[in-house]
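Note that this is a predicted model, so its numbers are computed, not measured. First listed ligand is number 1; within each ligand, the first listed atom is number 1.
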Amino acid sequence: MFRPLDWLLGLFSLDVGIDLGTANTLVYIRDKGIVINEPSWVAINRRSRAPLAIGAEAREMVGRTPADIIAIRPLRDGVISEFEITEAMLKYFITKSHEQMIVPFPRPRVVVGIPSGVTEVEKRAVYDAAISAGAREAHLIEEPTAAAIGAGLPVNEPRGSMIVDIGGGTTEVAIFAMGGIVVSRSIRVAGDEMDEDIVQYARNKYNLLIGERMAERAKIGIGSAFPLPEERTMTLRGRNLINGLPQSVEISSIELREAMAPSVNIIVDTVRDALDETPPELVADLMEVGICLAGGGAQIRGLAERLEDVVKMRVWVAEDPMTCVARGAGRVLENIELWERSLAGLHRGSTHH
Ligand code: ADP
Ligand code: MG
């Protein structure tokens, strides 16, 4: 049905997709692409808990702040542990992306990707934050669904498709058919845990204390989940735990693979478990289309090969895997009726503005 008012509003409307990730928050605006990509960090005053800095600025403060300022990641474990702080963060990013527009007045329609498993109270908080940040309409969608839509999977079709979204704090596995999730798993093992594995490994094997950022650099630099065509080395820098002095250690990609194995194995087992629970008809579909990997962790070298080796089906990395959730959330706004079944409740437009 042609609705002239909707059509007219559509000409001026600003459609915003937001990925409220445990590690990074991304904002996607239709026709503009990704306009914000910042760490999900908030620096707060320890006593008053008032937010002092958000995003990249807050992350820069980590380890450099006076004692009364602490930097936190409100979505770290895939749940909104501090929703007032999450609210401040969401408001800040919506306002900031809105300010980037030449004509900032039409209030945006927003779809926010939220970790699966958040409570009704937390959903309400995200929804209210979006509305109070000036959204004309707000909808919530579970991250794996948004990731699958962003990756171009046919989630609305009868045939099955599967996404494995490996973020910082959580890995989400979901198998879709006919617009719904048929089987899902959400675990608190993802990229951050791999960094911690590396910190432990350096401590146990070399008595070397390294920071999380050093560990992450090693993971991104030479980390892997499957033997590499050419193994590599890099230098880890930290402090010797015995004498307290600065120390560098040359580490190989083979050692790093061993270091990351505990987390990688849990992710692999979770994918296998989810497949075990999938009805055979859908498994047959998956054998045709394969399994899609998204999120920052999808970029770990050899992860797709490792999974292929275990589950014996094709595994592929989505195009631009770190932006899938934001782009998927944005795409939902192109045709909200089409995706109605994929939304996570609490998605009425605001009427009190
Ligand atoms: P979230 O959705 O939880 O915010 P992201 O999808 O943004 O998380 O992914 C962040 C994680 O991806 C971090 O653990 C980061 O270290 C990891 N990551 C980013 N780039 C790479 C890479 N090239 N190789 C391996 N891991 C990566
Ligand atoms: Mg994510």
Exercise. Taking N or O atoms only and a 3.5 Å limit, does Thr22 qualify as a polar contact for ligand 1?
Worked result: yes
Exercise. Would you find more than 12 non-hydrogen atoms of other residues, nucleotides or ligands less than 6.0 Å from Glu319 atom CD?
Worked result: no
Problem set entry | Ligand-residue contact atoms, ligand 1 with Gly297, heavy atoms, under 4.0 Å | 12 (O)
For this session: Using a strict 4.0 Å cut-off to heavy atoms of Gly191, name the atoms of ligand 1 that fall inside it.
Result: 14 (O)
Exercise. When you look for heavy atoms under 4.0 Å from ligand 1, do you find them on the side chain of Met322, its backbone, both, or neither?
Worked result: side chain
Problem set entry | More than 12 heavy atoms from other groups under 6.0 Å of CD on Glu281 | no
For this session: Carefully, step by step, assess Asn265 and Arg306 under the rule side-chain hydrogen bond (donor to acceptor under 3.5 Å, both in side chains).
Result: CA-CA 10 Å; Asn265 292 344; Arg306 169 72 186 282; 2.8 Å; yes
Exercise. Which of the numbered atoms in ligand 1 are below 4.0 angstrom from a heavy atom of Gly168?
Worked result: 1 (P), 3 (O), 8 (O), 9 (O), 10 (C), 11 (C), 14 (O)
Seminar exercise, completed: If you scan protein heavy atoms around atom 2 (O) of ligand 1, the nearest is Gly21 CA, 3.9 Å
Seminar exercise, completed: Of Leu75, Asn24, Val325, the residue with the heavy atom nearest atom 7 (O) of ligand 1 is Asn24
Problem set entry | Polar atom proximity, Ile220 to ligand 1 (N or O, under 3.5 Å) | no
Exercise. Would you find more than 12 non-hydrogen atoms of other residues, nucleotides or ligands less than 6.0 Å from Glu57 atom CD?
Worked result: no
Problem set entry | Side chains of Arg257 and Leu228 in contact at under 4.5 Å (non-hydrogen atoms) | yes
Exercise. Starting from atom 20 (N) of ligand 1, which protein heavy atom do you reach first, and at what distance in Å?
Worked result: Gln299 NE2, 3.4 Å
Problem set entry | Side chain to side chain, Arg239 and Pro246, heavy atoms closer than 4.5 Å | no
For this session: Would you confirm whether Arg188, through its side chain, and Thr170, through its main-chain N or O, come within 3.5 Å as a donor-acceptor pair?
Result: no
Exercise. Should you measure from each heavy atom of Gly295, which atoms of ligand 1 turn up under 4.0 Å away?
Worked result: 6 (O)
Exercise. Nearest protein heavy-atom contact for atom 6 (O) of ligand 1: which residue, which atom, what distance?
Worked result: Gly296 N, 2.9 Å
Exercise. In a check of side-chain hydrogen bond (donor to acceptor under 3.5 Å, both in side chains) between Arg272 and each of Asp276, Thr270, Asp269, which one passes?
Worked result: Asp269
For this session: Report yes if some heavy atom in the side chain of Leu75 is under 4.5 Å from a heavy atom in the side chain of Pro115; otherwise report no.
Result: yes
Exercise. If hydrogens are left out, which of Glu216, Glu212, Met194, Arg213 has an atom nearest to atom 13 (C) of ligand 1, that is, the closest non-hydrogen atom?
Worked result: Glu216
Problem set entry | Proximity to ligand 1 by part of Lys219, non-hydrogen separation under 4.0 Å | side chain
Seminar exercise, completed: The protein heavy atom nearest to atom 25 (C) of ligand 1 is Ile300 CG1, 3.5 Å
